[in-house]
Amino acid sequence: MKKRDLNFKLGVVLGTIIGLFVICHLSPQIALRTHLFFSGHPVSSVTTGIRLVEKVDDTTDIYQLQEPVVERATQASLEHFEVKRYSGIFYFAEYVGEV
């Protein structure tokens with residue numbers, strides 16, 4: 001009985017981690033907010049506005065933050081981000097600099 005309980009708990013933990021990953025990458029805006037959150041800007045990830053600047057192709061879009069965040073180490077303003085679509089439903093964001 002103990003092994004079954006442990007397997008159930010591990011399954012719940014693993015399912016939660018996979019579920020959060022999927023939710024955090026389902027749309028371009030959520031993927032960009034997730035990227036901002038994990039790169040050290042949790043307040044900006046919730047409060048800043050995001051707008052589409054350019055569609056590069058069917059899988060790549062350029063987004064701009066309405067209130068750019070400032071990188072602490074270099075004092076650079078992070079304003080434009082590239083959001084790519086993978087596997088049809090997942091989106092991942094990365095900083096691209098000036099467009």
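Excluded from the calculations below are hydrogen atoms, water molecules and symmetry mates; all remaining heavy atoms, backbone and side chain alike, are included. What you see is a predicted model, and the numbers here were worked out from it, not measured in a lab.
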How close do [X] and [Y] get, heavy atom to heavy atom, and via which atoms?
| X | Y | result |
| --- | --- | --- |
| Leu78 | His41 | CD1-NE2, 4.2 Å |
| Val53 | Gln64 | CG2-CB, 3.3 Å |
| Ser77 | Tyr95 | O-OH, 3.5 Å |
| Ser44 | Leu36 | O-CD1, 4.5 Å |
| Tyr63 | Leu32 | CB-CD2, 3.9 Å |
| Thr47 | Arg33 | N-NH1, 4.4 Å |

Query raised in the report: Partners of Tyr86 by ring-ring contact (aromatic ring centres under 6.0 Å, His included), sequence neighbours excluded?
Result: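 Counting only residues at least two positions away or on another chain, Tyr86 forms a ring-ring contact (aromatic ring centres under 6.0 Å, His included) with Phe92.
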Between atom [atom1] of [X] and atom [atom2] of [Y], what is the distance when rounded to the nearest 0.5 Å?
| X | Y | atom1 | atom2 | value |
| --- | --- | --- | --- | --- |
| Arg51 | Gln29 | CZ | CD | 13.0 Å |
| Glu82 | Asp61 | CD | CG | 9.0 Å |
| His25 | Arg85 | NE2 | CZ | 14.5 Å |
| Thr59 | Tyr91 | OG1 | OH | 10.0 Å |

Query raised in the report: Would you say Phe90 has more than 12 foreign heavy atoms packed within less than 6.0 Å of its CZ?
Result: yes
Query raised in the report: Applying the 4.5 Å side-chain criterion to the ILVMFWY set and letting contacts propagate, would Leu26 and Leu20 be lumped into a single cluster?
Result: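 Leu26 does not cluster with Leu20.
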Is there side-chain contact between [X] and [Y], with heavy atoms separated by less than 4.5 Å?
| X | Y | answer |
| --- | --- | --- |
| Ile62 | Phe81 | no |
| Val69 | Glu71 | no |
| Leu6 | Leu10 | yes |

Does any N or O in the side chain of [X] come within less than 3.5 Å of the main-chain N or O of [Y], such that one atom is a donor and the other an acceptor?
| X | Y | result |
| --- | --- | --- |
| Thr48 | Glu67 | yes |
| Ser39 | His35 | yes |
| Thr34 | Ile30 | yes |

Report task. Tell me, with the steps shown, if Gln66 and Ile50 meet side-chain contact (heavy atoms from CB on, under 4.5 Å). Result -> CA-CA 6 Å; Gln66 298 295 329; Ile50 299 171; over 6 Å; no
Requested in this report: List for me each residue that meets salt bridge (Lys or Arg N to Asp or Glu O under 4.0 Å) alongside Lys9, sequence neighbours excluded, and say none if there are none.
Outcome: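 Not a single residue meets the salt bridge (Lys or Arg N to Asp or Glu O under 4.0 Å) criterion with Lys9.
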